[in-house]
There are 2 protein chains.
Amino acid sequence: MYEELKYWYLRDHKLFRTLSFSQIKQLCIITGFKKASKGEIIYFSSSDVPRIFLLKKGNIKIVALDSNGNETIKDIIQKGDLFGELTLETDNKNEEYAKVLSDDVAICSFLMSDFEDLLLRNPTLALSYTKFVGLKMKRIKNNYANLISKDAKTRLYQFLKDWAEQEGVREENSVAIENYLTQNDIAQIICTSRQTATQLLNEMETNQLLNYNRKEIIIRDITKL
Amino acid sequence: MYEELKYWYLRDHKLFRTLSFSQIKQLCIITGFKKASKGEIIYFSSSDVPRIFLLKKGNIKIVALDSNGNETIKDIIQKGDLFGELTLETDNKNEEYAKVLSDDVAICSFLMSDFEDLLLRNPTLALSYTKFVGLKMKRIKNNYANLISKDAKTRLYQFLKDWAEQEGVREENSVAIENYLTQNDIAQIICTSRQTATQLLNEMETNQLLNYNRKEIIIRDITKL
DNA sequence: GGCTAAGTGTAAATTAGCCGACATTTTGCT
DNA sequence: AGCAAAATGTCGGCTAATTTACACTTAGCC
(Lines give C-alpha, C1' and ligand atoms only; values in the text may rest on other atoms or scores of the structure.)
Protein backbone atom coordinates (compact mmCIF):
# COMPACT_ATOMS: atom_id res chain seq x y z
CA MET A 1 0.00 0.00 0.00
CA TYR A 2 1.14 3.55 -0.68
CA GLU A 3 2.49 5.27 2.37
CA GLU A 4 0.17 8.18 1.72
CA LEU A 5 -2.89 5.98 1.91
CA LYS A 6 -1.78 4.47 5.19
CA TYR A 7 -1.27 7.97 6.42
CA TRP A 8 -4.75 9.01 5.59
CA TYR A 9 -6.24 6.02 7.26
CA LEU A 10 -4.82 7.19 10.52
CA ARG A 11 -5.04 10.87 9.81
CA ASP A 12 -8.79 10.96 9.58
CA HIS A 13 -9.17 9.75 13.14
CA LYS A 14 -9.68 12.77 15.29
CA LEU A 15 -7.00 11.75 17.74
CA PHE A 16 -4.33 11.93 15.11
CA ARG A 17 -5.33 15.11 13.38
CA THR A 18 -2.73 17.14 15.19
CA LEU A 19 0.08 15.01 13.82
CA SER A 20 1.94 15.80 10.67
CA PHE A 21 2.56 13.30 7.92
CA SER A 22 6.21 13.15 8.82
CA GLN A 23 5.41 12.46 12.46
CA ILE A 24 3.29 9.47 11.67
CA LYS A 25 5.66 8.22 9.02
CA GLN A 26 8.82 9.01 10.88
CA LEU A 27 7.67 7.15 13.91
CA CYS A 28 6.85 4.17 11.77
CA ILE A 29 3.57 4.01 13.50
CA ILE A 30 1.69 2.09 10.89
CA THR A 31 2.99 -1.39 10.92
CA GLY A 32 -0.09 -3.30 9.98
CA PHE A 33 -3.16 -3.09 7.91
CA LYS A 34 -5.58 -5.86 7.23
CA LYS A 35 -8.95 -6.67 5.84
CA ALA A 36 -11.24 -9.40 7.08
CA SER A 37 -14.73 -10.61 6.34
CA LYS A 38 -17.78 -11.70 8.26
CA GLY A 39 -17.32 -14.30 10.94
CA GLU A 40 -13.54 -14.13 10.94
CA ILE A 41 -11.82 -14.12 14.26
CA ILE A 42 -8.95 -11.79 15.03
CA TYR A 43 -6.80 -12.64 17.97
CA PHE A 44 -4.77 -10.02 19.72
CA SER A 45 -3.23 -12.61 21.88
CA SER A 46 -0.50 -12.43 24.44
CA SER A 47 1.91 -14.39 22.29
CA ASP A 48 2.20 -11.56 19.83
CA VAL A 49 3.73 -8.14 20.39
CA PRO A 50 1.18 -5.87 22.03
CA ARG A 51 -0.68 -3.75 19.57
CA ILE A 52 -3.34 -1.12 19.43
CA PHE A 53 -5.96 -1.42 16.73
CA LEU A 54 -8.04 1.07 14.87
CA LEU A 55 -11.16 -0.04 13.10
CA LYS A 56 -11.44 1.85 9.84
CA LYS A 57 -14.47 0.17 8.41
CA GLY A 58 -17.21 -2.16 9.58
CA ASN A 59 -18.11 -3.56 12.96
CA ILE A 60 -16.61 -6.13 15.24
CA LYS A 61 -17.42 -7.51 18.65
CA ILE A 62 -14.89 -8.14 21.38
CA VAL A 63 -15.62 -11.49 22.93
CA ALA A 64 -14.25 -13.11 26.04
CA LEU A 65 -14.47 -16.72 27.07
CA ASP A 66 -15.33 -17.31 30.70
CA SER A 67 -14.19 -20.33 32.66
CA ASN A 68 -17.12 -22.41 31.41
CA GLY A 69 -16.31 -21.65 27.81
CA ASN A 70 -19.24 -19.32 27.36
CA GLU A 71 -18.91 -16.39 25.02
CA THR A 72 -19.45 -13.01 26.60
CA ILE A 73 -19.60 -9.87 24.53
CA LYS A 74 -17.31 -7.28 26.07
CA ASP A 75 -17.68 -4.52 23.59
CA ILE A 76 -18.98 -3.60 20.19
CA ILE A 77 -16.44 -1.68 18.17
CA GLN A 78 -17.53 0.63 15.45
CA LYS A 79 -15.84 2.44 12.61
CA GLY A 80 -13.33 4.90 13.95
CA ASP A 81 -12.92 3.24 17.33
CA LEU A 82 -9.63 2.21 18.82
CA PHE A 83 -9.45 -1.14 20.53
CA GLY A 84 -7.00 -3.54 22.10
CA GLU A 85 -5.01 -2.72 25.18
CA LEU A 86 -5.94 0.92 25.42
CA THR A 87 -4.67 1.00 28.94
CA LEU A 88 -1.17 0.53 27.57
CA GLU A 89 -0.72 -2.30 29.99
CA THR A 90 0.12 -5.64 28.57
CA ASP A 91 -2.29 -8.13 29.90
CA ASN A 92 -0.93 -11.62 30.15
CA LYS A 93 -3.91 -13.76 30.74
CA ASN A 94 -6.92 -12.54 28.89
CA GLU A 95 -8.84 -14.76 26.61
CA GLU A 96 -10.24 -12.10 24.40
CA TYR A 97 -10.63 -12.00 20.69
CA ALA A 98 -12.48 -9.97 18.10
CA LYS A 99 -15.09 -11.35 15.75
CA VAL A 100 -16.13 -9.61 12.57
CA LEU A 101 -19.82 -8.74 12.45
CA SER A 102 -20.25 -6.73 9.30
CA ASP A 103 -19.61 -8.03 5.81
CA ASP A 104 -16.08 -6.79 5.76
CA VAL A 105 -13.77 -4.75 7.93
CA ALA A 106 -10.53 -2.85 7.60
CA ILE A 107 -8.21 -2.63 10.53
CA CYS A 108 -5.07 -0.60 11.14
CA SER A 109 -2.75 -1.66 13.89
CA PHE A 110 0.43 -0.32 15.36
CA LEU A 111 2.82 -1.37 18.03
CA MET A 112 2.04 -0.24 21.51
CA SER A 113 5.67 0.66 22.12
CA ASP A 114 5.71 2.93 19.06
CA PHE A 115 2.55 4.55 20.26
CA GLU A 116 4.01 5.14 23.69
CA ASP A 117 7.02 6.82 22.13
CA LEU A 118 4.75 9.00 20.13
CA LEU A 119 2.80 9.98 23.23
CA LEU A 120 6.00 10.87 25.02
CA ARG A 121 7.00 13.20 22.22
CA ASN A 122 3.59 14.69 21.75
CA PRO A 123 2.10 15.96 24.97
CA THR A 124 -0.96 17.28 23.20
CA LEU A 125 -1.64 13.87 21.77
CA ALA A 126 -1.02 12.32 25.17
CA LEU A 127 -3.60 14.60 26.72
CA SER A 128 -6.11 13.89 23.97
CA TYR A 129 -5.51 10.22 24.35
CA THR A 130 -5.99 10.39 28.09
CA LYS A 131 -9.29 12.13 27.59
CA PHE A 132 -10.21 9.59 25.00
CA VAL A 133 -9.56 6.69 27.34
CA GLY A 134 -11.40 8.55 30.06
CA LEU A 135 -14.40 9.03 27.84
CA LYS A 136 -14.42 5.37 27.02
CA MET A 137 -14.34 4.59 30.72
CA LYS A 138 -17.26 6.86 31.32
CA ARG A 139 -19.26 5.17 28.57
CA ILE A 140 -18.50 1.76 29.97
CA LYS A 141 -19.47 2.83 33.46
CA ASN A 142 -22.79 4.14 32.25
CA ASN A 143 -23.51 1.02 30.31
CA TYR A 144 -22.81 -1.19 33.26
CA ALA A 145 -24.83 0.99 35.59
CA ASN A 146 -27.76 0.42 33.27
CA LEU A 147 -27.18 -3.28 33.12
CA ILE A 148 -27.27 -3.56 36.84
CA SER A 149 -30.07 -1.32 37.94
CA LYS A 150 -32.55 -1.63 35.11
CA ASP A 151 -34.69 -4.54 33.99
CA ALA A 152 -34.26 -6.32 30.68
CA LYS A 153 -36.83 -4.24 28.85
CA THR A 154 -35.32 -0.93 29.87
CA ARG A 155 -31.88 -2.23 28.96
CA LEU A 156 -33.06 -3.18 25.51
CA TYR A 157 -34.69 0.20 25.00
CA GLN A 158 -31.54 1.97 26.14
CA PHE A 159 -29.38 -0.15 23.89
CA LEU A 160 -31.57 0.57 20.89
CA LYS A 161 -31.52 4.27 21.64
CA ASP A 162 -27.72 4.26 21.88
CA TRP A 163 -27.36 2.22 18.75
CA ALA A 164 -29.75 4.47 16.86
CA GLU A 165 -27.87 7.53 17.98
CA GLN A 166 -24.53 6.15 16.95
CA GLU A 167 -25.37 4.57 13.65
CA GLY A 168 -28.96 5.19 12.79
CA VAL A 169 -30.18 7.17 9.81
CA ARG A 170 -32.85 9.49 11.03
CA GLU A 171 -35.80 10.66 9.06
CA GLU A 172 -38.27 12.73 11.02
CA ASN A 173 -38.66 10.77 14.23
CA SER A 174 -38.03 7.39 12.72
CA VAL A 175 -34.56 5.89 12.66
CA ALA A 176 -33.24 3.11 10.45
CA ILE A 177 -30.35 1.00 11.71
CA GLU A 178 -28.39 -1.46 9.63
CA ASN A 179 -28.76 -4.65 11.64
CA TYR A 180 -25.56 -6.64 11.73
CA LEU A 181 -26.39 -8.29 15.04
CA THR A 182 -28.32 -11.46 15.69
CA GLN A 183 -30.88 -11.55 18.46
CA ASN A 184 -28.41 -13.62 20.37
CA ASP A 185 -25.81 -10.87 20.03
CA ILE A 186 -28.27 -8.31 21.26
CA ALA A 187 -29.21 -10.55 24.15
CA GLN A 188 -25.58 -10.88 25.13
CA ILE A 189 -24.99 -7.15 24.93
CA ILE A 190 -27.91 -6.35 27.18
CA CYS A 191 -27.06 -9.34 29.35
CA THR A 192 -30.18 -11.37 29.10
CA SER A 193 -31.12 -14.71 27.58
CA ARG A 194 -31.76 -15.07 23.89
CA GLN A 195 -35.37 -16.02 24.58
CA THR A 196 -36.08 -12.91 26.59
CA ALA A 197 -34.55 -10.70 23.92
CA THR A 198 -36.64 -12.37 21.22
CA GLN A 199 -39.77 -11.96 23.27
CA LEU A 200 -39.13 -8.28 23.94
CA LEU A 201 -38.33 -7.51 20.33
CA ASN A 202 -41.51 -9.22 19.15
CA GLU A 203 -43.49 -7.41 21.77
CA MET A 204 -42.08 -4.12 20.49
CA GLU A 205 -43.02 -5.10 16.97
CA THR A 206 -46.63 -5.88 17.91
CA ASN A 207 -46.74 -2.59 19.77
CA GLN A 208 -45.73 -0.82 16.57
CA LEU A 209 -42.60 0.53 18.16
CA LEU A 210 -40.32 -0.91 15.53
CA ASN A 211 -39.91 -3.09 12.49
CA TYR A 212 -37.33 -5.80 12.92
CA ASN A 213 -35.65 -8.01 10.42
CA ARG A 214 -32.21 -9.50 9.97
CA LYS A 215 -31.01 -6.71 7.75
CA GLU A 216 -32.50 -3.66 9.29
CA ILE A 217 -34.23 -2.27 12.32
CA ILE A 218 -36.56 0.66 11.92
CA ILE A 219 -37.57 2.45 15.05
CA ARG A 220 -40.89 4.09 14.33
CA ASP A 221 -40.55 6.93 16.76
CA ILE A 222 -37.28 7.32 18.59
CA THR A 223 -38.80 9.84 20.99
CA LYS A 224 -41.16 7.17 22.30
CA LEU A 225 -38.50 4.73 23.48
CA MET B 1 0.10 24.76 56.10
CA TYR B 2 3.73 24.69 55.23
CA GLU B 3 4.40 24.39 51.53
CA GLU B 4 6.74 21.51 52.22
CA LEU B 5 4.02 19.49 53.86
CA LYS B 6 1.65 20.02 50.98
CA TYR B 7 4.42 18.91 48.74
CA TRP B 8 4.91 15.70 50.56
CA TYR B 9 1.27 14.91 50.57
CA LEU B 10 1.33 14.80 46.82
CA ARG B 11 4.83 13.51 46.47
CA ASP B 12 4.17 10.25 48.19
CA HIS B 13 1.63 9.25 45.60
CA LYS B 14 3.36 7.11 43.08
CA LEU B 15 2.09 9.09 40.16
CA PHE B 16 3.87 12.20 41.30
CA ARG B 17 7.17 10.71 42.32
CA THR B 18 8.85 11.76 39.13
CA LEU B 19 8.10 15.40 39.75
CA SER B 20 10.46 17.76 41.51
CA PHE B 21 9.43 20.01 44.36
CA SER B 22 9.74 23.03 42.13
CA GLN B 23 7.54 21.46 39.51
CA ILE B 24 4.73 20.85 41.89
CA LYS B 25 5.14 24.18 43.58
CA GLN B 26 5.80 26.18 40.46
CA LEU B 27 2.71 24.87 38.78
CA CYS B 28 0.70 25.82 41.85
CA ILE B 29 -0.84 22.46 41.70
CA ILE B 30 -1.90 22.24 45.27
CA THR B 31 -4.73 24.60 45.77
CA GLY B 32 -6.75 22.84 48.38
CA PHE B 33 -6.44 20.63 51.37
CA LYS B 34 -9.22 19.70 53.71
CA LYS B 35 -10.17 17.40 56.50
CA ALA B 36 -13.61 15.98 57.10
CA SER B 37 -15.22 13.54 59.49
CA LYS B 38 -17.65 10.66 59.34
CA GLY B 39 -20.90 11.20 57.55
CA GLU B 40 -19.86 14.48 55.98
CA ILE B 41 -20.75 15.02 52.36
CA ILE B 42 -18.31 16.50 49.91
CA TYR B 43 -19.73 17.85 46.71
CA PHE B 44 -17.60 18.19 43.66
CA SER B 45 -20.43 19.83 41.88
CA SER B 46 -20.68 21.49 38.52
CA SER B 47 -20.99 24.95 40.01
CA ASP B 48 -17.43 24.88 41.26
CA VAL B 49 -14.27 24.85 39.16
CA PRO B 50 -13.48 21.30 38.12
CA ARG B 51 -11.04 19.60 40.41
CA ILE B 52 -9.24 16.37 40.85
CA PHE B 53 -9.05 14.94 44.34
CA LEU B 54 -6.57 12.78 46.09
CA LEU B 55 -7.58 10.91 49.23
CA LYS B 56 -4.70 10.99 51.66
CA LYS B 57 -6.33 9.30 54.59
CA GLY B 58 -9.49 7.36 55.32
CA ASN B 59 -12.28 6.05 53.14
CA ILE B 60 -15.12 7.62 51.25
CA LYS B 61 -17.84 6.39 48.98
CA ILE B 62 -18.89 8.03 45.76
CA VAL B 63 -22.63 8.13 45.62
CA ALA B 64 -24.98 9.00 42.80
CA LEU B 65 -28.63 9.81 43.01
CA ASP B 66 -30.79 8.22 40.34
CA SER B 67 -34.00 9.74 39.04
CA ASN B 68 -36.02 8.22 41.88
CA GLY B 69 -33.75 9.70 44.49
CA ASN B 70 -32.16 6.39 45.39
CA GLU B 71 -28.57 6.34 46.48
CA THR B 72 -26.29 4.19 44.38
CA ILE B 73 -22.73 3.54 45.39
CA LYS B 74 -20.50 4.19 42.42
CA ASP B 75 -17.16 3.61 43.98
CA ILE B 76 -15.32 3.14 47.22
CA ILE B 77 -12.23 5.31 47.40
CA GLN B 78 -9.35 4.33 49.60
CA LYS B 79 -6.26 6.04 50.86
CA GLY B 80 -4.02 6.98 47.97
CA ASP B 81 -6.72 6.94 45.33
CA LEU B 82 -7.47 9.77 42.98
CA PHE B 83 -11.09 10.62 42.36
CA GLY B 84 -13.30 13.20 40.69
CA GLU B 85 -13.30 13.79 36.98
CA LEU B 86 -10.40 11.57 36.10
CA THR B 87 -11.46 11.68 32.51
CA LEU B 88 -10.50 15.35 32.47
CA GLU B 89 -13.85 16.07 30.95
CA THR B 90 -16.10 18.41 32.78
CA ASP B 91 -19.39 16.75 33.28
CA ASN B 92 -22.24 19.14 33.59
CA LYS B 93 -25.09 17.07 34.77
CA ASN B 94 -23.95 14.45 37.19
CA GLU B 95 -25.44 14.23 40.60
CA GLU B 96 -22.51 12.67 42.36
CA TYR B 97 -21.08 13.40 45.71
CA ALA B 98 -18.68 11.81 48.14
CA LYS B 99 -19.60 10.68 51.63
CA VAL B 100 -17.06 10.08 54.35
CA LEU B 101 -17.11 6.55 55.71
CA SER B 102 -14.18 6.38 58.10
CA ASP B 103 -13.84 8.48 61.22
CA ASP B 104 -11.88 11.16 59.48
CA VAL B 105 -10.37 11.82 56.10
CA ALA B 106 -7.80 14.10 54.56
CA ILE B 107 -8.22 15.21 51.00
CA CYS B 108 -5.93 17.08 48.62
CA SER B 109 -7.40 18.72 45.58
CA PHE B 110 -6.06 20.61 42.65
CA LEU B 111 -7.54 22.32 39.66
CA MET B 112 -8.09 20.21 36.63
CA SER B 113 -6.72 22.95 34.41
CA ASP B 114 -3.49 23.06 36.40
CA PHE B 115 -3.22 19.33 36.13
CA GLU B 116 -3.73 19.47 32.39
CA ASP B 117 -0.93 22.02 32.07
CA LEU B 118 1.29 19.78 34.09
CA LEU B 119 0.48 16.83 31.85
CA LEU B 120 1.30 18.88 28.78
CA ARG B 121 4.71 19.73 30.17
CA ASN B 122 5.38 16.26 31.49
CA PRO B 123 4.82 13.59 28.90
CA THR B 124 6.10 10.93 31.25
CA LEU B 125 3.50 11.92 33.81
CA ALA B 126 0.87 11.95 31.09
CA LEU B 127 1.76 8.43 30.13
CA SER B 128 1.72 7.25 33.74
CA TYR B 129 -1.58 8.94 34.27
CA THR B 130 -3.07 7.29 31.21
CA LYS B 131 -1.94 3.92 32.45
CA PHE B 132 -3.33 4.76 35.86
CA VAL B 133 -6.74 5.62 34.43
CA GLY B 134 -6.54 2.52 32.27
CA LEU B 135 -5.87 0.37 35.25
CA LYS B 136 -8.81 1.86 37.03
CA MET B 137 -10.93 1.12 34.01
CA LYS B 138 -9.83 -2.46 33.99
CA ARG B 139 -10.65 -2.83 37.67
CA ILE B 140 -14.09 -1.37 37.12
CA LYS B 141 -14.70 -3.63 34.16
CA ASN B 142 -13.82 -6.67 36.19
CA ASN B 143 -16.04 -5.62 39.02
CA TYR B 144 -18.99 -5.08 36.76
CA ALA B 145 -18.40 -8.35 34.96
CA ASN B 146 -18.70 -10.05 38.33
CA LEU B 147 -21.81 -8.13 39.24
CA ILE B 148 -23.51 -9.20 36.07
CA SER B 149 -22.60 -12.81 35.64
CA LYS B 150 -22.36 -14.08 39.20
CA ASP B 151 -25.03 -14.61 41.83
CA ALA B 152 -25.28 -12.60 45.03
CA LYS B 153 -23.30 -15.05 47.13
CA THR B 154 -20.38 -15.21 44.73
CA ARG B 155 -20.41 -11.42 44.48
CA LEU B 156 -20.24 -11.09 48.25
CA TYR B 157 -17.38 -13.57 48.46
CA GLN B 158 -15.49 -11.77 45.71
CA PHE B 159 -16.06 -8.42 47.37
CA LEU B 160 -14.79 -9.71 50.69
CA LYS B 161 -11.74 -11.20 49.03
CA ASP B 162 -10.95 -7.93 47.29
CA TRP B 163 -11.54 -5.92 50.41
CA ALA B 164 -9.35 -8.24 52.44
CA GLU B 165 -6.60 -8.01 49.89
CA GLN B 166 -6.67 -4.26 49.79
CA GLU B 167 -7.03 -3.43 53.42
CA GLY B 168 -6.98 -6.56 55.50
CA VAL B 169 -4.37 -7.44 58.07
CA ARG B 170 -3.37 -10.98 57.47
CA GLU B 171 -2.26 -13.42 60.12
CA GLU B 172 -1.71 -16.93 58.86
CA ASN B 173 -4.76 -17.56 56.73
CA SER B 174 -7.07 -15.34 58.70
CA VAL B 175 -7.61 -11.73 57.71
CA ALA B 176 -8.96 -8.90 59.83
CA ILE B 177 -10.64 -5.98 58.11
CA GLU B 178 -11.64 -2.75 59.78
CA ASN B 179 -15.33 -2.54 59.00
CA TYR B 180 -16.39 0.97 58.14
CA LEU B 181 -19.31 -0.18 56.03
CA THR B 182 -22.85 -0.97 57.09
CA GLN B 183 -24.55 -4.04 55.75
CA ASN B 184 -26.57 -1.71 53.62
CA ASP B 185 -23.38 -0.27 52.11
CA ILE B 186 -22.13 -3.74 51.36
CA ALA B 187 -25.44 -4.65 49.81
CA GLN B 188 -25.27 -1.61 47.55
CA ILE B 189 -21.72 -2.37 46.52
CA ILE B 190 -22.52 -5.91 45.51
CA CYS B 191 -25.83 -4.77 44.07
CA THR B 192 -28.29 -6.71 46.10
CA SER B 193 -30.92 -5.91 48.67
CA ARG B 194 -29.96 -5.23 52.27
CA GLN B 195 -31.88 -8.30 53.41
CA THR B 196 -30.07 -10.62 51.09
CA ALA B 197 -26.72 -9.26 52.21
CA THR B 198 -27.66 -9.69 55.87
CA GLN B 199 -28.80 -13.24 55.24
CA LEU B 200 -25.62 -14.17 53.41
CA LEU B 201 -23.37 -12.63 56.05
CA ASN B 202 -25.18 -14.48 58.82
CA GLU B 203 -25.00 -17.66 56.85
CA MET B 204 -21.25 -17.20 56.55
CA GLU B 205 -21.04 -16.61 60.26
CA THR B 206 -22.91 -19.81 61.11
CA ASN B 207 -20.68 -21.65 58.66
CA GLN B 208 -17.68 -20.42 60.59
CA LEU B 209 -16.34 -18.61 57.56
CA LEU B 210 -16.11 -15.27 59.31
CA ASN B 211 -16.82 -13.21 62.38
CA TYR B 212 -18.81 -10.11 61.67
CA ASN B 213 -19.48 -7.07 63.76
CA ARG B 214 -19.85 -3.39 63.18
CA LYS B 215 -16.24 -2.62 63.87
CA GLU B 216 -14.43 -5.49 62.33
CA ILE B 217 -14.72 -8.44 60.00
CA ILE B 218 -12.49 -11.41 60.54
CA ILE B 219 -12.27 -13.89 57.74
CA ARG B 220 -11.31 -17.18 59.29
CA ASP B 221 -9.58 -18.65 56.28
CA ILE B 222 -9.17 -16.47 53.26
CA THR B 223 -8.19 -19.43 51.12
CA LYS B 224 -11.61 -20.97 51.63
CA LEU B 225 -13.62 -18.11 50.19
C1' DG C 1 -30.36 7.77 81.72
C1' DG C 2 -33.66 7.61 78.22
C1' DC C 3 -35.11 8.60 73.62
C1' DT C 4 -34.62 8.44 68.62
C1' DA C 5 -32.67 7.00 64.52
C1' DA C 6 -29.89 3.94 62.32
C1' DG C 7 -28.64 -0.58 61.73
C1' DT C 8 -29.65 -5.57 61.90
C1' DG C 9 -32.48 -10.06 61.89
C1' DT C 10 -36.16 -12.98 59.89
C1' DA C 11 -39.99 -14.62 57.27
C1' DA C 12 -43.57 -14.99 53.61
C1' DA C 13 -45.35 -13.44 49.13
C1' DT C 14 -44.31 -12.26 44.61
C1' DT C 15 -41.84 -11.97 40.32
C1' DA C 16 -38.51 -11.32 36.53
C1' DG C 17 -36.26 -13.77 33.74
C1' DC C 18 -33.36 -18.09 33.11
C1' DC C 19 -33.45 -22.62 31.37
C1' DG C 20 -34.78 -26.65 28.76
C1' DA C 21 -37.33 -28.27 25.12
C1' DC C 22 -39.06 -28.03 21.28
C1' DA C 23 -40.99 -26.21 16.23
C1' DT C 24 -40.26 -23.22 12.54
C1' DT C 25 -37.82 -20.20 9.43
C1' DT C 26 -33.91 -18.43 7.05
C1' DT C 27 -29.31 -18.59 5.30
C1' DG C 28 -25.32 -20.30 3.18
C1' DC C 29 -23.09 -23.90 0.83
C1' DT C 30 -22.01 -27.60 -2.73
C1' DA D 1 -32.14 -27.52 -5.90
C1' DG D 2 -31.40 -29.59 -1.62
C1' DC D 3 -29.27 -30.02 2.72
C1' DA D 4 -27.28 -28.61 7.13
C1' DA D 5 -26.56 -25.11 10.25
C1' DA D 6 -27.77 -20.98 12.18
C1' DA D 7 -31.30 -17.97 13.68
C1' DT D 8 -35.87 -17.10 15.39
C1' DG D 9 -40.39 -18.14 17.83
C1' DT D 10 -43.00 -19.98 21.77
C1' DC D 11 -44.12 -22.27 26.12
C1' DG D 12 -44.18 -23.56 31.10
C1' DG D 13 -41.57 -24.84 35.09
C1' DC D 14 -38.22 -23.22 38.21
C1' DT D 15 -35.45 -20.39 41.24
C1' DA D 16 -32.85 -16.59 43.07
C1' DA D 17 -33.69 -12.54 44.86
C1' DT D 18 -36.67 -8.41 45.49
C1' DT D 19 -40.36 -6.64 48.15
C1' DT D 20 -43.10 -5.89 52.05
C1' DA D 21 -43.52 -6.05 56.64
C1' DC D 22 -42.24 -6.00 61.28
C1' DA D 23 -39.33 -7.08 65.59
C1' DC D 24 -35.15 -6.43 67.75
C1' DT D 25 -30.51 -4.22 68.81
C1' DT D 26 -27.07 -0.77 68.94
C1' DA D 27 -25.27 3.90 68.71
C1' DG D 28 -25.47 8.63 69.41
C1' DC D 29 -27.39 12.62 71.52
C1' DC D 30 -29.85 15.86 74.74
Side-chain angles (χ1 to χ4, degrees), chain A residues 37-41 61 63 66 68-73 99-104 146-159 179-207 210-217, chain B residues 37-41 61 63 66 68 70-73 99-104 146-157 159 179-207 210-217:
Chain A
S37 51
K38 195 163 188 169
E40 263 187 74
I41 288 177
K61 58 178 177 184
V63 178
D66 69 7
N68 306 324
N70 299 343
E71 268 199 353
T72 334
I73 292 188
K99 197 166 183 182
V100 178
L101 291 173
S102 50
D103 286 336
D104 58 332
N146 268 330
L147 285 181
I148 289 164
S149 60
K150 306 293 194 320
D151 66 1
K153 190 180 208 163
T154 316
R155 263 142 49 197
L156 177 60
Y157 280 37
Q158 188 58 52
F159 166 71
N179 180 20
Y180 48 83
L181 297 173
T182 65
Q183 294 189 354
N184 195 32
D185 285 334
I186 294 176
Q188 282 185 53
I189 293 169
I190 64 170
C191 284
T192 186
S193 65
R194 200 220 84 224
Q195 291 91 322
T196 309
T198 302
Q199 226 168 287
L200 288 170
L201 282 170
N202 290 339
E203 187 189 306
M204 290 178 80
E205 193 139 30
T206 32
N207 290 344
L210 52 75
N211 294 7
Y212 181 96
N213 69 54
R214 295 186 189 197
K215 293 276 173 228
E216 194 185 39
I217 299 176
Chain B
S37 50
K38 196 165 187 167
E40 262 186 75
I41 289 177
K61 60 178 176 183
V63 179
D66 68 6
N68 306 324
N70 299 343
E71 267 199 355
T72 332
I73 292 188
K99 198 166 182 181
V100 178
L101 291 172
S102 50
D103 286 337
D104 58 332
N146 268 330
L147 286 181
I148 289 166
S149 60
K150 306 292 193 324
D151 66 1
K153 190 181 210 162
T154 316
R155 262 142 49 196
L156 177 60
Y157 280 39
F159 167 70
N179 181 18
Y180 49 83
L181 296 172
T182 66
Q183 294 188 354
N184 195 31
D185 285 334
I186 294 175
Q188 281 184 51
I189 292 169
I190 63 170
C191 285
T192 187
S193 64
R194 200 220 84 225
Q195 291 89 326
T196 309
T198 303
Q199 227 168 284
L200 288 170
L201 283 170
N202 289 340
E203 187 190 304
M204 291 177 80
E205 193 140 32
T206 33
N207 291 344
L210 53 75
N211 294 4
Y212 181 97
N213 70 53
R214 297 185 186 197
K215 292 273 172 232
E216 194 184 39
I217 298 175

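By convention in this document, chain letters (A, B, ...) are assigned in the order of the sequence lines, proteins followed by strands, and residues within each chain are numbered from 1. Note that these values count all heavy atoms, side chains included, but never hydrogens, waters or copies made by symmetry.
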Asks: Within this structure, what is the OG1-CG distance for the pair T198(A) and L200(A), rounded to the nearest 0.5 Å?
Replies: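 Between atom OG1 of T198(A) and atom CG of L200(A) there are 9.0 Å.
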
Asks: Output the rounded distance in Å from CD (E203(B)) to P (dA16(D)).
Replies: 12 Å

Asks: Applying ring-ring contact (aromatic ring centres under 6.0 Å, His included), name anything that partners F159(A), two or more places apart in sequence or on another chain.
Replies: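 Expected list: W163(A).
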
Asks: Rounded off to whole Å, could you give me the CG-to-C1' distance for the D151(B) and dC19(C) pair?
Replies: 16 Å

Asks: Strictly below 4.0 Å: does N202(A) bring a side-chain N or O up to OP1 or OP2 of dG9(D)?
Replies: yes

Asks: CD1 of I217(B) versus P of dT8(C): gap in Å, rounded?
Replies: 10 Å

Asks: Rounded to whole angstrom units, what separation is found between the NZ atom of K38(B) and the P atom of dA5(C)?
Replies: 19 Å

Asks: Look at the side chain of Q183(B) and decide which nucleotide, out of dT8(D), dG17(C), dT8(C), has an atom nearest to it.
Replies: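 Given the options dT8(D), dG17(C), dT8(C), the side chain of Q183(B) is closest to dT8(C).
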
Asks: Taking CD from Q188(A) and P from dC18(C), how many angstroms apart are they, rounded to a whole number?
Replies: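 My rounded result for the distance is 12 Å.
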
Asks: Which of residues 189-200 of chain B have a heavy atom under 4.0 Å from DNA chain C?
Replies: R194(B), Q195(B), T198(B)

Asks: Take atom CG of N184(B) and atom P of dA5(C), then tell me their distance rounded to the nearest Å.
Replies: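 Taking CG of N184(B) and P of dA5(C), I get 18 Å after rounding.
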
Asks: When the distance from CG of N179(B) to P of dA27(D) is rounded to whole Å, what number comes out?
Replies: 12 Å

Asks: Under 4.5 Å between any side-chain heavy atoms of L101(A) and K38(A), yes or no?
Replies: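 No, their side chains stay 4.5 Å or more apart.
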
Asks: Which heavy atom of Q158(A) sits nearest a heavy atom of N146(A), and at what distance?
Replies: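 Smallest interatomic distance, heavy atoms only, reads CG-ND2, 3.3 Å.
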
Asks: Between atom CG in L147(B) and atom C1' in dA17(D), what is the gap in whole Å?
Replies: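 Taking CG of L147(B) and C1' of dA17(D), I get 15 Å after rounding.
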
Asks: Pick out which of I73(A), T182(A), L181(A) makes a side chain to side chain contact (heavy atoms under 4.5 Å, CB included) with Q188(A).
Replies: I73(A)

Asks: Can you tell me how far the CD atom of Q183(A) sits from the CG atom of L201(A), to the nearest 0.5 Å?
Replies: 5.5 Å

